[in-house]
Amino acid sequence: KYPPTIDLDGKLYKTDEWTNVPPQILSLTERQLHQDPNHPIGILRDLIEKNFRGLGYTFYNNFRPTVTTFQNFDVLGFPQDHPGRSKLDTYYLNKEHLLRTHTSAHEHECFQECETPGYFITADVYRRDEIDRTHYPAFHQMEGARLWSKNTKDLEKQLENDIAAIPPTEIIVEDPFRDAPFNVENPKQTYMSDNEVRLISTHLKKTLEYLVNLVFEEAKKSAIKAGSTEEYLNEPLKVRWVEAYFPWTSPSWEIEVWWKGEWLECCGCGLVQQQVLLNSGLPEDRLGWAFGIGLDRIAMLLFGIPDIRLFWSRDERFGKQFLEGQISTFQPFSKYPGVRRDVSYWVNGDNALHTNDLMEIVRAHGGDLIESVVLKDEFEHPKTGKKSQCYSIHYQSMERTLTNAEINKIHSNVEGDLVNTFQVEIR
Ligand code: PHE
């Protein structure tokens with residue numbers, strides 16, 4: 001069923017009994033939507049990075065999606081029998097190589113090489129999953145992490161300064177854990193003091209509240225622009241912290257955002273297990289936090305995109321709607337095929353025919369079936385001085401596939417009306 005080798009990013013992977021990644025999924029790895037400045041995922045990445053510039057982070061955006069089981073699981077302390085390792089959940093190239101299931105797979109190498117106190121990693125990640133409006137086997141995450149050294153002179157003072165440097169928000173936090181950042185079920189690591197845990201988790205929470213706030217304030221603006229009048233849109237954003245579990249952090253949490261009447265899970269995080277830092281070759285004095293946030297659902301809210309599959313569309317009606325640095329509202333287009341017909345005529349010299357006149361005639365006959373009208377060609381005969389124009393009309397329905405017969409009828413009505421009203425000569 002699978003070829004003997006898979007060629008990906010210039011490397012050959014020998015397939016074996018673990019191989020389960022189909023060609024369609026492999027082809028998605030070429031897209032790198034987060035690197036496209038004019039794609040919603042890229043625009044969202046830019047928005048976040050822009051707001052974190054100058055705060056001590058390096059941004060990594062170029063990691064290729066193939067990683068080893070060591071990077072994705074072992075180094076992070078996943079137990080051997082963790083369900084995430086299963087072939088049911090993960091795409092394997094072979095026993096040792098897989099498509100990363102999360103950006104945490106790169107924490108290890110970033111801890112090794114990063115020269116700033118913190119870093120962000122944005123990348124495409126892959127999980128075998130059902131496909132529906134909000135699930136797709138490929139999606140995007142942004143990882144963040146930040147470290148300190150216990151050897152810092154007056155570390156607590158340093159942490160307090162770093163916390164004070166995070167831009168403040170008006171966010172409302174329902175936070176039963178702020179004063180008790182750890183407990184028996186969500187324990188602190190013994191190599192950290194109570195105060196270190198308290199300060200670092202405060203830094204983590206403030207950082208994520210700042211991130212979530214800047215993104216959801218934009219989402220509120222676009223909801224208002226799209227006509228939503230719900231009350232919560234005029235109030236400060238509400239979030240809450242929920243205890244969580246990840247093999248490579250302790251204590252761990254998830255931040256949830258109050259959105260459209262429900263709590264939206266949006267980001268897992270915690271204080272990095274010392275073993276992960278030691279595995280990355282760092283000395284014993286390091287301590288810090290990490291988080292991972294999903295970008296696709298947030299981008300759907302920001303841009304009013306109703307279906308996650310649209311992100312992967314190659315249809316220019318999708319692509320051309322988004323521009324670097326701009327949060328615009330998606331205008332739906334049809335999934336049914338359209339029909340293109342040209343109308344070409346000599347203008348009657350006595351009867352000026354403005355583009356808008358033509359648009360009106362086309363709309364009068366085609367109604368909602370008109371997807372677009374574009375001037376294709378304009379020409380003036382050098383001898384006679386006669387002017388000709390050619391418009392391309394794109395007919396398309398939001399609900400069904402159009403028949404040739406009905407388009408022919410509409411199109412000939414358009415031509416007839418042009419002749420009657422503007423005395424043009426159809427070519
Ligand atoms: N990688 C986790 C996920 O995909 C999120 C996470 C990142 C949690 C970093 C803790 C620390 O759900």
Side-chain angles (χ1 to χ4, degrees), residues 34 41 45 48 52 57 59-60 63 65 67-79 82-86 89-91 98-111 114 118-129 134-147 177 181-182 186-189 192 197 200-201 203-209 211-212 241-257 263-277 279-280 286-298 308:
H34 63 286
I41 301 290
R45 172 180 70 78
I48 298 172
F52 275 89
Y57 298 90
F59 302 104
Y60 296 96
F63 285 117
V67 298
T68 58
T69 49
F70 175 78
Q71 288 172 291
N72 201 80
F73 300 123
D74 303 343
V75 78
L76 296 168
F78 277 73
H82 192 282
R85 292 183 185 257
S86 145
D89 287 349
T90 298
Y91 288 113
L98 52 96
L99 297 182
R100 65 184 156 228
T101 64
H102 55 178
T103 41
S104 305
H106 300 288
E107 277 191 13
H108 162 75
E109 58 207 288
C110 290
F111 281 133
C114 182
Y119 60 76
F120 280 75
I121 308 164
T122 305
D124 43 328
V125 300
Y126 298 81
R127 289 185 202 172
R128 297 186 75 193
D129 207 341
T134 54
H135 294 85
Y136 196 68
F139 55 103
H140 300 83
Q141 286 186 330
M142 185 181 260
E143 192 90 3
R146 179 141 184 153
L147 295 184
F177 305 113
F182 54 88
N186 199 18
K188 84 175 185 84
Q189 301 171 59
M192 292 186 204
V197 176
I200 293 176
S201 48
H203 191 279
L204 166 61
K205 288 175 174 181
K206 290 264 183 212
T207 301
L208 278 175
E209 287 164 13
L211 190 162
V212 161
W241 289 98
V242 186
E243 291 182 13
Y245 170 79
F246 302 101
W248 64 99
T249 54
S250 191
S252 309
W253 300 275
E254 229 149 350
I255 185 170
E256 297 183 344
V257 177
W263 289 106
L264 197 77
E265 243 177 58
C266 87
C267 173
C269 66
L271 303 203
V272 182
Q273 289 276 6
Q274 186 185 28
Q275 192 54 50
V276 175
L277 304 174
N279 290 348
S280 306
R286 298 306 149 85
L287 67 195
W289 54 248
F291 70 78
I293 189 164
L295 297 182
D296 301 64
R297 298 222 191 140
I298 295 178
I308 193 171

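Start at 1 and go down the list; that is how both ligands and their atoms are numbered.
Considering Leu295, Ile41, Thr103, Ile48 in turn, Leu295 is the only one that fulfils the side-chain contact (heavy atoms from CB on, under 4.5 Å) rule with Thr122. With respect to His106, the ring pair (Phe, Tyr, Trp, His ring centres under 6.0 Å) criterion is satisfied by exactly one of Tyr119, Phe63, Phe111: Phe63. Checked against Arg85 for a side chain to side chain donor-acceptor pair (under 3.5 Å), the options Thr69, Thr90, Asp74 give a single hit: Asp74.
Between the side chain of Ser250 and the backbone N or O of Pro187 there is at least one donor-acceptor pair closer than 3.5 Å.
The closest approach between a heavy atom of Trp289 and any atom of ligand 1 is not below 4.0 Å. At a 4.0 Å cut-off, at least one heavy atom of Arg127 sits close enough to ligand 1 to count as contact.
Residue contacts with ligand 1 for Ser104 involve side-chain atoms from C-beta outward but no N, CA, C or O (heavy atoms, distance under 4.0 Å).
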Inset, instruction - Kindly indicate, with the supporting measurements, whether the criterion ring-ring contact (aromatic ring centres under 6.0 Å, His included) is fulfilled by Phe52 and Tyr57. - result: CA-CA 7 Å; Phe52 275 89; Tyr57 298 90; 5.7 Å; yes

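Among all non-hydrogen protein atoms, the one lying nearest atom 7 (C) of ligand 1 is Gly292 N, 3.2 Å. Counting only heavy atoms of the protein, atom 11 (C) of ligand 1 lies nearest to Trp248 NE1, 3.4 Å. In this structure, atom 9 (C) of ligand 1 lies nearest to the protein heavy atom Glu143 OE2, 3.3 Å.
A 4.5 Å side-chain heavy-atom check between Cys269 and Thr249 finds every atom pair outside the cut-off.
Ring orientation note: the planes of Phe59 and Phe120 are tilted relative to one another, at an angle of 30° to 60°.
Annotation for ligand 1: atoms under 4.0 Å from non-hydrogen atoms of His102 are 1 (N), 4 (O). Atoms of ligand 1 lying under 4.0 Å from at least one heavy atom of Gln141, given by number and element, are 3 (C), 4 (O). Interface of Glu107 with ligand 1, defined as ligand atoms under 4.0 Å from a residue heavy atom, comprises 9 (C).
Here the shortest heavy-atom distance to atom 12 (O) of ligand 1, taken over Phe291, Tyr245, Phe246, belongs to Phe246.
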